[in-house]
Amino acid sequence: MGCVGTWTGHGMVEDEFLEKLGLQKGVRKVVNHEERGRVLRAMDGCSFKAAAGGSLSNTLVALARLGMGSNGEPGLNVAMSGSVGSDPLGGFYRAKLRRANVSFLSMPVKDGTTGTVVVLTTQDAQRAMLSYQGMSSIINFDSSLSDLISKSRILVVEGYLWEFPQTIDAIAQACEAAHKNGVLVAITASDVSCVTRHQRKFWDIIVEHADIVFANSNEARALCGFSSSKSPALAAKHISYYSPLISVTDGARGSYIAVKGEVMYIPPSPCVPVDTCGAGDAYAAGILYGILRGSSNLKGMGNLAARVAAVVVGQQGTRLKEEDATELAKIFSHSLFTNNQITDMCTDIQSDQISSI
């Protein structure tokens, strides 16, 4: 369930460009139509690339490409529900997802404006994001969405939706429909400022509905109310008492997977960083791919996720390329199912709640 349809413009800029516009690295800022126009005009002449973006769509495209079935396995069916306008950007967004084997199920909103995100990446591979909501704040739970969820194995809900009060009821209804039909619910934290503003709402969904939680170290600490001195492993451990499977990424320092208070460290996969935008999205795709393929090897899933993230960090742009996805799925097809790296945590993954995939 991808409830945000977003056109993304991705540009390489100097630090001075961000300073001139009063923007900070590592921060997502919600802007209005006029502010978006001001930034785009200032970027005239910069290296710039347009994509059908958004955090969740990055994850779903990577998942669809990993799951194309090149190893004799059936391909994964990946779909997204969201809101785009009837403008040219909305048509561009839907067409790009279809080409990436992700079905976009929602009809465009008549006379609506498609949401956009402008991603500005500096030479040290850090980025600032400017988000214009457009139609992306509109999502309705109806019979067609309920029917789609009932036929799914995992429902993924994007944390950015907590920014939109009108979507909270739809999120809860979708999660309830998922659990009624034995469908796993995965929640992405999405952004530390979003988590900070809506911490209680995040916890309500995590405690009541979430089977899987994805967060980076800052988001996980914000969820727990921890200071920056606390380790991401401690945050992962804390959240894991309330949701079955927790994944916390910590940039170049690696990542953690936690189940019921037990934490496994996943070392980073080496790469030369070009652009960190989309790394967490790609990591989530690796974990989801392992679960959907029936693996209970947490170490294998974590190593795959780390490698998928490293490939994306080592390129310009947030999307895992099809040829890279095919190669990664082939390389990790055996290690996902070997038993020599499985710890006691995997018995929790094989519980009724998880094995209902």
Side-chain angles (χ1 to χ4, degrees), residues 1-2 55-56 58-69 71 73-80 101-102 149-158 174-175 178-179 181-189 206 209-215 236 239-240 242-249 255-260 262-264 266 280-309 320 325 328-339 341-357:
M1 176 186 177
S55 176
L56 185 54
N58 292 336
T59 295
L60 297 183
V61 168
L63 178 60
R65 288 175 171 170
L66 286 168
M68 290 180 68
N71 297 317
E73 301 165 322
L76 298 177
N77 293 319
V78 180
M80 181 172 179
N101 295 316
V102 176
I149 291 171
S150 71
K151 298 173 182 176
S152 302
R153 295 163 68 190
I154 299 180
L155 169 68
V156 186
V157 180
E158 189 168 22
C175 292
H179 278 173
N181 290 279
V183 178
L184 295 180
V185 174
I187 304 292
T188 70
I206 289 172
H209 300 295
D211 301 294
I212 307 162
V213 176
F214 294 109
I239 302 169
S240 73
Y242 302 93
S243 185
L245 177 62
I246 313 302
S247 166
V248 176
T249 57
S255 58
Y256 301 88
I257 296 175
V259 175
K260 293 186 178 179
E262 296 293 328
V263 183
M264 175 181 289
I266 306 296
D281 308 333
Y283 188 98
I287 297 293
L288 293 171
Y289 175 75
I291 293 172
L292 287 167
R293 286 304 188 205
S295 174
S296 60
N297 183 348
L298 295 181
K299 191 72 171 180
M301 284 191 283
N303 287 335
L304 169 61
R307 187 59 197 149
V308 175
L320 179 67
L328 286 167
K330 187 183 301 181
I331 291 172
F332 283 88
S333 61
H334 175 68
S335 63
L336 284 175
F337 298 98
T338 55
N339 295 320
Q341 292 177 315
I342 299 181
T343 71
D344 291 340
M345 286 196 294
C346 291
T347 60
D348 294 306
I349 293 297
Q350 293 170 329
S351 68
D352 289 342
Q353 191 172 22
I354 295 295
S355 64
S356 61
I357 295 174

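Hydrogens, waters and symmetry mates are skipped; everything else that's a heavy atom, side chains included, is used. Everything quoted here is computed from the prediction, not taken from an experiment.
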Visitor: Using side chain to side chain contact (heavy atoms under 4.5 Å, CB included) as the criterion, list what pairs up with Ser55, not counting sequence neighbours.
Guide: Glu158, Tyr160, Asp281
Visitor: Hey, does Ile257 have a side-chain heavy atom less than 4.5 Å from the side chain of Ile266?
Guide: yes
Visitor: Begin from the C-alpha positions of Leu320 and Val61 and carry the test side chain to side chain contact (heavy atoms under 4.5 Å, CB included) through to its verdict.
Guide: CA-CA 7 Å; Leu320 179 67; Val61 168; over 6 Å; no
Visitor: With side chain to side chain contact (heavy atoms under 4.5 Å, CB included) as the criterion, how do Tyr289 and Leu76 come out once you've worked through the C-alpha distance, each side chain's angles and the decisive distance to 0.1 Å?
Guide: CA-CA 9 Å; Tyr289 175 75; Leu76 298 177; 4.0 Å; yes
Visitor: Where do Asp211 and His179 come nearest, in terms of heavy atoms and distance?
Guide: OD2-NE2, 3.0 Å
Visitor: I need the minimum non-hydrogen distance between Met80 and Leu60, along with the two atoms involved.
Guide: CB-CD1, 3.8 Å
Visitor: Work out which heavy atom in Ala178 is nearest to a heavy atom in Val185; give both atom names and the distance.
Guide: CB-CG2, 3.6 Å
Visitor: For residues Tyr283 and Ser255, is any side-chain donor paired with an opposing acceptor at under 3.5 Å?
Guide: yes
Visitor: Any side-chain heavy atom of Asn101 within less than 4.5 Å of one from Arg65?
Guide: no
Visitor: Holding to side chain to side chain contact (heavy atoms under 4.5 Å, CB included), I want the full list of residues that pass it with Asn181, two or more places apart in sequence or in another chain.
Guide: Ser150, Val183
Visitor: Under the 3.5 angstrom rule, does the side chain of Ser295 hit a backbone N or O of Asn297 as a donor-acceptor pair?
Guide: yes
Visitor: How long is the gap from NZ on Lys260 to CD on Glu262, to the nearest 0.5 Å?
Guide: 11.5 Å
Visitor: Apply the side chain to side chain contact (heavy atoms under 4.5 Å, CB included) test between Ile246 and each candidate in Ile239, Val263, Val259; give the one that qualifies.
Guide: Ile239
Visitor: Please report the shortest heavy-atom distance between Leu66 and Ala329, naming the atom on each side.
Guide: O-CB, 3.6 Å
Visitor: Tell me every residue that passes side-chain hydrogen bond (donor to acceptor under 3.5 Å, both in side chains) with Ser240, counting only those two or more places apart in sequence or in another chain.
Guide: none
Visitor: With side chain to side chain contact (heavy atoms under 4.5 Å, CB included) as the test, would you mind laying out the steps for Leu292 and Leu63 before giving the verdict?
Guide: CA-CA 10 Å; Leu292 287 167; Leu63 178 60; 4.0 Å; yes
Visitor: Could you check if a side-chain atom of Leu184 sits within less than 4.5 angstrom of a side-chain atom of Leu155, using non-hydrogen atoms only?
Guide: no
Visitor: Donor-acceptor pair, Arg307 side chain versus Leu328 backbone, under 3.5 Å?
Guide: no
Visitor: Any chance you could lay out the side chain to side chain contact (heavy atoms under 4.5 Å, CB included) test for Ile212 and Val156, step after step, and finish with the verdict?
Guide: CA-CA 9 Å; Ile212 307 162; Val156 186; over 6 Å; no
Visitor: Do Leu288 and Phe214 come within less than 4.5 Å of each other through their side chains, counting heavy atoms only?
Guide: yes
Visitor: Do Val213 and Tyr242 come close enough that some side-chain heavy atom pair is under 4.5 Å?
Guide: no
Visitor: Could you tell me whether a side-chain N or O of Ser243 sits under 3.5 Å from a main-chain N or O of Ala210, the two making a donor and an acceptor?
Guide: yes
Visitor: How close do Ser247 and Ile287 get, heavy atom to heavy atom, and via which atoms?
Guide: OG-CG1, 4.5 Å
Visitor: Which pair of non-hydrogen atoms, one from Met68 and one from Ala64, has the smallest distance, and what is that distance?
Guide: CG-O, 3.2 Å
